[in-house]
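This report refers to the structure that appears directly beneath it.
Counting from 1, the numbers follow the sequence of the chain as shown. All values derive from a computational prediction rather than experimental measurement. These numbers come from the heavy atoms of this one structure, side chains and all, not from hydrogens, waters or symmetry mates.
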Amino acid sequence: MMAVSKAPIDPVGELGLGVCHSTLTSDPDMAELLAMFVSELPERLVDIRQAAQGQNWQEVRRLAHQLRGAGGSYGFPLLTTAAGQVETIARDKVNIGELRAALDQLTAVSQRLRA
């Protein structure tokens, strides 16, 4: 039996540093919603960072969970992965340094997203 690595996925390294488009980009009915979602990401990240600064782990976890689900719904699997890492770290209350690194990665991923 092979050992399975439990190392966190690095979505930034996994898919490079290029622009990431939604898998729903070809759906004209989604264009406006995708643009709105992407434009609201900076505000969502500010909310998560504020909760983290206050060490409100439950709120960090809740907001990251919402973002993880929305990322999947809007066709951004990379965002789903990065938000899931933040959610897991907040749930496990690992340490603030690891949370900061995951938030930085989430921010980097979100800056690459395009509707």
Side-chain angles (χ1 to χ4, degrees):
M1 181 181 279
M2 273 187 148
V4 176
S5 172
K6 295 201 178 207
I9 295 171
D10 178 4
V12 175
E14 181 180 316
L15 296 178
L17 297 175
V19 170
C20 295
H21 291 276
S22 169
T23 59
L24 304 174
T25 299
S26 62
D27 184 346
D29 294 333
M30 291 297 294
E32 188 176 336
L33 291 172
L34 290 171
M36 186 175 6
F37 176 73
V38 170
S39 73
E40 292 173 351
L41 282 173
E43 185 177 324
R44 286 178 175 235
L45 292 171
V46 166
D47 292 343
I48 294 173
R49 284 188 183 276
Q50 286 177 342
Q53 284 179 328
Q55 295 186 5
N56 185 344
W57 306 120
Q58 183 176 357
E59 184 69 358
V60 171
R61 189 177 75 233
R62 184 184 72 78
L63 293 170
H65 179 79
Q66 286 179 345
L67 191 54
R68 185 179 113 202
S73 296
Y74 285 103
F76 294 110
L78 189 61
L79 180 66
T80 297
T81 300
Q85 289 178 337
V86 172
E87 180 184 8
T88 298
I89 292 166
R91 181 193 65 225
D92 297 344
K93 300 175 190 158
V94 177
N95 68 52
I96 194 70
E98 193 169 337
L99 181 60
R100 274 194 201 111
L103 285 170
D104 288 346
Q105 187 172 56
L106 178 60
T107 299
V109 166
S110 70
Q111 290 171 342
R112 296 171 44 209
L113 302 183
R114 302 292 182 272

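Between Q50 atom CD and L45 atom CG the span is 11.5 Å, to the nearest 0.5 Å. Rounded to the nearest 0.5 Å, atoms CG (L106) and CG (L103) are 6.5 Å apart. Taken to the nearest 0.5 Å, the OG atom of S73 stands 11.0 Å off from the CG atom of L79. Distance check: R49 CZ to R100 CZ gives 9.5 Å after rounding to the nearest 0.5 Å. Note: L113 CG to L41 CG = 6.0 Å, rounded to the nearest 0.5 Å. The structure places CD of Q58 at 8.5 Å from NZ of K93, a figure rounded to the nearest 0.5 Å.
Of all heavy-atom pairs between V60 and L99, the closest is CG1-CD1, 4.3 Å. A115 and T25 get closest at one heavy-atom pair: O-OG1, 3.0 Å. Counting all heavy atoms, side chain and backbone alike, I96 lies closest to A52 at CD1-O, 4.1 Å. For the pair A90 and R61, the tightest heavy-atom approach, listed with the atom from each and the gap, is CB-N, 3.8 Å. Across every non-hydrogen atom of L24 and G75, the tightest pair is CD1-N, 4.0 Å. The minimum heavy-atom distance linking R112 with G18 is given by the pair NE-O, 2.6 Å.
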Subject >> Working for side-chain contact (heavy atoms from CB on, under 4.5 Å), residues F76 and V38 >> reply: CA-CA 10 Å; F76 294 110; V38 170; 3.8 Å; yes
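Between the side chain of T88 and the backbone N or O of G84, at least one donor-acceptor pair lies under 3.5 Å. In this structure, T80 contributes its side chain and R68 its backbone to a donor-acceptor pair below 3.5 Å.
D47 has no carboxylate O lying under 4.0 Å from a charged side-chain N of R62, or vice versa, which leaves the two without a salt bridge.
The closest side-chain donor-acceptor pair between R114 and S22, if any, does not fall under 3.5 angstrom.
Remark: T23 pairs with no residue by the side chain to side chain donor-acceptor pair (under 3.5 Å) rule, at least two apart or across chains.
In this structure, H65 places its NE2 atom where only 12 or fewer heavy-atom neighbours from other residues, nucleotides or ligands lie under 6.0 Å away.
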With a 3.5 Å cut-off and sequence neighbours excluded, list the donor-acceptor pairs that the side chains of residues 27-37 form with protein atoms.
unit_1, atom_1, unit_2, atom_2, d
D27, OD1, D29, N, 2.9

